[in-house]
*Asks:* 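Encoded as structure tokens, here's the structure I'll be asking about.
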Amino acid sequence: MMVGKRGSRRETLETKRLIRYGTDDSCAKTDSSSEGSPDNETENDKIDDNESELTDVNIGEALLAATKKMRRKGLKKRLNNLKVKNGKDCMVKTARCIVATFRNSLFHLVIGAFFLFHFIYSMVEILTHRYHFFVPDEYGIALITAMKFFDAQQSGILPPSNNISWRGNSGLQDGLKDPIHRNLVGGFYDGGDAVKFNFPASFSLTMLSWSVIEYHYKYKILGELDHTMDIIKWGTDYLLKTFDSHSKTINVLVSQVGIKDGCWKRPEDRDSSRPVITCTVCSDLAAEMAAALASSAIALHTKYPKYSKVLIKNAKKLYIFARKHKGISRGSIDAKKFYNSKGYLDELMWSGVWLFYATFNKEYLSNVEVDYQLALSNKGSLISDSDYRALSWNNKFAGAELLLSRVRFFIHLEYPYEETLARAHKRTELTMCSYMPIFSSFKLTKGGLMLLNGKNPKPLQYAANAAFLAALYRDYLTQLEIPGWVCGPLGQIPSYNLSSVSKSQIDYMLGNNPRNRSYLIGIGMRNPIHIHHQGGSIPSNIKNYTCKDGMQWKESHKENPNKVIGALVDGPDRYDRFHDDRINPNYTEPTLAGNSGLVAALVALTDTDSKDCQLDHNGWMHGYAQKPAPSVYTSPPMKWKPMMERP
């Protein structure tokens, strides 16, 4: 019985061994060596040599069972798996293992394909659109710097994007005691005295919007498109508060918040409600605000489409108010002293053209024709004055005429409007001729600065606006493939002369002048250091300085503790002299109107036309509210042709 049990046990163990390792002795040896020494064998693996031998039948059955099992699994695969498992002859490298893993994993294959496609797409994008590596030129850098001034002028609860460290929330009580307009928080301070004037602010918004409309892609490549759009929206948000934007009609407008009371104090420290100036007969102001809303609607429509519709709706209401209550705004003493409008026909033309662009409603052009005829007959306008070609917060004729010329260039209209458009085009050519030094239409300083405002102070903002018009008209001619324009007996003037004039004025502001001084703070080595600016001249510490305390900072000869980066000061006099004196704002005060014209000129001059940049030179309204037209426009009874085709 004992032998029988041991024989049966031996048969079972041997069968297991044969089934596990097969009939190949090398496999058994491999297993034996990998398992360790005989001393490590378990008790069940030890076999007594004295035990009985298995019968042939039992061995045959075991071999037959093992053979069938190995055939099912595959002898070769079984042996290879055994070698890998036991580490014998396993010379497979890590790279092969990774490749095998990816081959056997559909998920990894999909991920790998995605990243490969993304890499190839990125390389193609970089190689075909090299403007990803665009480096701004001096004008582009100056533009980026100049835009920071608008952040420094923001009033109200500052947005998170405002990174002016020395500025804080201010004007939070504006309008609180006004019986009609309870909330007048927001907007921009006009200059250095923390007063909000709607008239120059509206003009500034229109200039910024115009530059965004024409040079959308330039702003984008400079990284300033969203910033500029947000600045425009900040201004229009406030304008909508200055009249009843929810009613169908308008009866009164806010023209000014705060007054120049002689108190030199940071805006953040003014914690009381300020005076609110309103008007009921003010065509100039209402029309200027309408132009601002209409142009802003076009500039913002890609980012804020619903908001743009609100702007157009309210621009129409302001335009109706301006035509119904005709007259010049007579606001506060401050407005009469600093922003005293000379007429309103230019604003009516200006707003009418912008509403036409925003709505494509020809009724606005019909109104423009009427206003233009009155202006040319000199009934209540300044068009016969020597400075009518100087675009400014006070005079929009030169800008309106260029916009009408643009209609003639790029929008196909039927005959009734051709006469007015042709007249505007002709006067635009004369304006461009007047900018040429050879005609001496405007006096120049010895340093080359154009004195478009005559002997009056603050010449830089006028020169900046002229630089913008000249550069923009040059681009219109380039788009039309016209080499120049006609200037009387001199014949055709090449369009590159407009570039030279525009650059000469901007270069003067950036430091190419007899004093080698840059009038744009943050650009150049010799900036004015005594800026007429309340927030910039008083330390931004926790102390709340009174009006009396603030006067010590105004009269101090020390450098401003806070730099108003991006501010364009009013500039030198007609003799190129400049007094860096805080108490003399005619030299050292920056304004919204000055900076907006400068920004517009800078974006027009920024060089992104090279093949490396491959940019669209002009956005051309981005298809907003206008239809493309053929290169030649036929309007009976006369046919207008580009200069190059004229006999």
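Here the structure is a predicted model, which means the values were calculated and not measured. Hydrogens, waters and symmetry mates play no part in the numbers below; they use all other heavy atoms, side chains included. Here, residue 1 is the first one in the sequence, and each next residue gets the next number.
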*Asks:* Taking atom NZ of Lys554 as the centre, does the number of heavy atoms from other residues, nucleotides or ligands within less than 6.0 Å exceed 12?
*Replies:* yes
*Asks:* Take the angle between the ring planes of Tyr519 and Tyr508 and call it parallel below 30°, perpendicular above 60°, tilted in between.
*Replies:* parallel
*Asks:* So, using ring pair (Phe, Tyr, Trp, His ring centres under 6.0 Å) as the criterion, who are the partners of Tyr364 when residues are at least two apart?
*Replies:* Tyr319
*Asks:* Can you confirm whether more than 12 heavy atoms, excluding those of Ile529, are under 6.0 Å from its CD1 atom?
*Replies:* yes
*Asks:* Are the side chain of Asp190 and the backbone of Phe197 linked by a donor-acceptor contact shorter than 3.5 Å?
*Replies:* no
*Asks:* Check whether Asn527 reaches the backbone of Leu520 with its side chain - one donor and one acceptor, N or O, closer than 3.5 Å.
*Replies:*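 Answer holds: yes.
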*Asks:* Could you go through the side chain to side chain donor-acceptor pair (under 3.5 Å) check for Tyr189 and Ser155 one step at a time?
*Replies:* CA-CA 7 Å; Tyr189 298 120; Ser155 176; 3.0 Å; yes
*Asks:* Can you label the angle between the Tyr476 ring and the Tyr473 ring as parallel, tilted or perpendicular, going by 30° and 60°?
*Replies:*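 Plane angle over 60°, so perpendicular.
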*Asks:* Could you pull out all residues at least two apart from Phe199 that satisfy ring pair (Phe, Tyr, Trp, His ring centres under 6.0 Å)?
*Replies:*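 Ring pair (Phe, Tyr, Trp, His ring centres under 6.0 Å) list for Phe199, sorted by chain: empty.
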*Asks:* Of all heavy-atom pairs between Ser556 and His530, which one has the smallest distance, and what is that distance?
*Replies:*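 Shortest heavy-atom contact: O-CD2, 4.4 Å.
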*Asks:* What pairs of residues pass the salt bridge (Lys or Arg N to Asp or Glu O under 4.0 Å) test when at least one of them lies in residues 457-471, not counting sequence neighbours?
*Replies:* Lys458-Asp570
*Asks:* First locate atom CG of Asp507, then atom CE of Met509, and finally report the distance between them rounded to the nearest 0.5 Å.
*Replies:*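 So the CG of Asp507 and the CE of Met509 are separated by 10.0 Å.
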*Asks:* Would Asp137 and Thr606 count as a side-chain contact (heavy atoms from CB on, under 4.5 Å) if you check the C-alpha gap in whole Å, the side-chain angles of each, and the deciding distance to 0.1 Å?
*Replies:* CA-CA 7 Å; Asp137 59 10; Thr606 299; 3.6 Å; yes
*Asks:* Return all side-chain donor-acceptor pairs below 3.5 angstrom for residues 282-295, not counting sequence neighbours, or 'none' if the list is empty.
*Replies:*
from: Ser283; atom 1: OG; to: Ala322; atom 2: O; distance (Å): 2.7
from: Ser283; atom 1: OG; to: His325; atom 2: O; distance (Å): 2.8
from: Ser283; atom 1: OG; to: Lys326; atom 2: N; distance (Å): 3.4
from: Ser283; atom 1: OG; to: Gly327; atom 2: N; distance (Å): 3.1
from: Asp284; atom 1: OD1; to: Ser329; atom 2: N; distance (Å): 3.1
from: Asp284; atom 1: OD1; to: Ser329; atom 2: OG; distance (Å): 3.3
from: Asp284; atom 1: OD2; to: Ser329; atom 2: N; distance (Å): 3.3
from: Asp284; atom 1: OD2; to: Ser329; atom 2: OG; distance (Å): 3.2
from: Asp284; atom 1: OD2; to: Ser341; atom 2: OG; distance (Å): 3.1
from: Glu288; atom 1: OE1; to: Lys396; atom 2: NZ; distance (Å): 2.9
from: Glu288; atom 1: OE2; to: Trp350; atom 2: NE1; distance (Å): 3.2
from: Ser295; atom 1: OG; to: Ala291; atom 2: O; distance (Å): 2.8
from: Ser295; atom 1: OG; to: Ala292; atom 2: O; distance (Å): 3.2

*Asks:* Return yes if some donor-acceptor pair links the side-chain N/O of Lys218 with the main-chain N/O of Val603 below 3.5 Å, else return no.
*Replies:*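 Yes; at least one donor-acceptor contact below 3.5 Å.
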*Asks:* Enumerate the residue pairs fulfilling salt bridge (Lys or Arg N to Asp or Glu O under 4.0 Å) with a member in residues 578-597, sequence neighbours excluded, ordered by first and then second residue.
*Replies:* none
*Asks:* Can you check whether Gly186's main-chain N or O pairs, donor with acceptor, with Lys241's side chain at less than 3.5 Å?
*Replies:*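 Judged by distance alone, no pair lies under 3.5 Å.
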*Asks:* To check you understand the geometry: which heavy-atom pair defines the closest contact between Ala146 and Leu598, and what is its length?
*Replies:* CB-CD2, 4.3 Å
*Asks:* Examine the side chains of Thr546 and Asp549 and answer whether a donor and an acceptor come within less than 3.5 Å of each other.
*Replies:* yes
*Asks:* Apply ring pair (Phe, Tyr, Trp, His ring centres under 6.0 Å) to Phe150 and list each qualifying residue two or more places apart in sequence or on a separate chain.
*Replies:*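 Checked Phe150 against ring pair (Phe, Tyr, Trp, His ring centres under 6.0 Å); zero matches.
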*Asks:* Sequence neighbours left out, cut at 3.5 Å: what donor-acceptor pairs do the side chains of residues 460-471 make with other protein atoms?
*Replies:*
from: Asn465; atom 1: ND2; to: Leu391; atom 2: O; distance (Å): 2.9
from: Asn465; atom 1: ND2; to: Gln461; atom 2: O; distance (Å): 3.2

*Asks:* Can you spot which of Tyr215, Tyr357, Trp354 makes a ring pair (Phe, Tyr, Trp, His ring centres under 6.0 Å) with Trp210?
*Replies:* Trp354
*Asks:* Kindly say whether Ala593 contributes a backbone atom to a donor-acceptor pair with the side chain of Ser596 at under 3.5 angstrom?
*Replies:* yes
*Asks:* Return yes if some donor-acceptor pair links the side-chain N/O of Asn595 with the main-chain N/O of Gly566 below 3.5 Å, else return no.
*Replies:* yes
*Asks:* Not counting sequence neighbours, list each pair that qualifies as a disulfide (SG to SG under 2.5 Å) and has a residue in residues 292-322.
*Replies:* none
*Asks:* Could you name each residue pair satisfying side-chain hydrogen bond (donor to acceptor under 3.5 Å, both in side chains) that touches residues 224-240, not counting sequence neighbours?
*Replies:* Asp151-His227, Glu224-His227, Asp230-Lys303, Asp230-Tyr304, Lys233-Asp237, Thr236-Tyr307, Asp237-Tyr307
*Asks:* side-chain contact (heavy atoms from CB on, under 4.5 Å), that's the test. Do Gln154 and Ile231 meet it? Break it down for me.
*Replies:* CA-CA 9 Å; Gln154 285 182 313; Ile231 289 296; 4.1 Å; yes
*Asks:* Please list all pairs passing the disulfide (SG to SG under 2.5 Å) test where one or both residues lie in residues 198-251, with sequence neighbours left out.
*Replies:*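 Not a single pair qualifies under disulfide (SG to SG under 2.5 Å).
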*Asks:* Minimum heavy-atom separation for Thr359 and Leu355, please, with both atom names.
*Replies:*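 For Thr359 and Leu355, the tightest heavy-atom pair comes out as OG1-O, 2.6 Å.
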*Asks:* Is the shortest side-chain heavy-atom distance between Ile232 and Ser209 below 4.5 Å?
*Replies:* yes
*Asks:* Quick check: does any side chain N or O of Ser211 sit under 3.5 Å from a backbone N or O of Ala600, one acting as donor and the other as acceptor?
*Replies:* no
*Asks:* Pick from Lys265, Arg270, Arg266: which one makes a salt bridge (Lys or Arg N to Asp or Glu O under 4.0 Å) with Glu268?
*Replies:*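 Filter result, single survivor: Arg266.
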*Asks:* Any ring pair (Phe, Tyr, Trp, His ring centres under 6.0 Å) pairs touching residues 151-175, not counting sequence neighbours?
*Replies:* Trp166-His533
*Asks:* Run the numbers on Asp193 and His532 for side-chain contact (heavy atoms from CB on, under 4.5 Å), then give the verdict.
*Replies:* CA-CA 8 Å; Asp193 293 303; His532 183 91; 3.4 Å; yes
*Asks:* What's the shortest heavy-atom distance between Thr249 and Ser247, and which atoms?
*Replies:* O-OG, 2.6 Å
*Asks:* Of all the heavy-atom pairs spanning Ile506 and Leu605, show the shortest one and how long it is.
*Replies:* CG1-CD1, 3.6 Å
*Asks:* Could you give all pairs that pass the salt bridge (Lys or Arg N to Asp or Glu O under 4.0 Å) test and reach residues 153-163, with sequence neighbours left out?
*Replies:*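 Qualifying pairs, neighbours excluded: none.
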*Asks:* Check whether Asn162 reaches the backbone of Ile164 with its side chain - one donor and one acceptor, N or O, closer than 3.5 Å.
*Replies:*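 Yes; at least one donor-acceptor contact below 3.5 Å.
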*Asks:* Using atom types as modelled and distance alone, determine if a side-chain donor or acceptor of Arg167 lies under 3.5 Å from a backbone N or O of Ala152.
*Replies:*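 Yes; at least one donor-acceptor contact below 3.5 Å.
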*Asks:* Any side-chain heavy atom of Pro572 within less than 4.5 Å of one from Leu449?
*Replies:*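 Yes. Closest side-chain heavy atoms under 4.5 Å.
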*Asks:* With rounding to the nearest 0.5 angstrom, report the CD1 to OG distance, Ile250 to Ser245.
*Replies:*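 The OG atom of Ser245 is 8.5 Å from CD1 of Ile250, to the nearest 0.5 Å.
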*Asks:* Under the 3.5 angstrom rule, does the side chain of Gln153 hit a backbone N or O of Gly191 as a donor-acceptor pair?
*Replies:*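 Here the side-chain-to-backbone pair exists.
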*Asks:* Say you draw a straight line from CG of Asn512 to CD of Gln505; how long is it, rounded to the nearest 0.5 Å?
*Replies:*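 Interatomic distance, Asn512 CG to Gln505 CD, rounded to 0.5 Å: 11.0 Å.
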*Asks:* Decide side chain to side chain donor-acceptor pair (under 3.5 Å) for Trp264 and Ser537; before the verdict, give the C-alpha distance in whole Å, the side-chain angles of both, and the deciding distance to 0.1 Å.
*Replies:* CA-CA 9 Å; Trp264 195 259; Ser537 62; 2.9 Å; yes
*Asks:* Assess the residue pair Leu253 and Thr242 against the criterion (side-chain contact (heavy atoms from CB on, under 4.5 Å)); give the C-alpha distance rounded to whole Å, side-chain angles, the decisive distance to 0.1 Å, and a yes or no.
*Replies:* CA-CA 6 Å; Leu253 298 176; Thr242 59; 5.8 Å; no
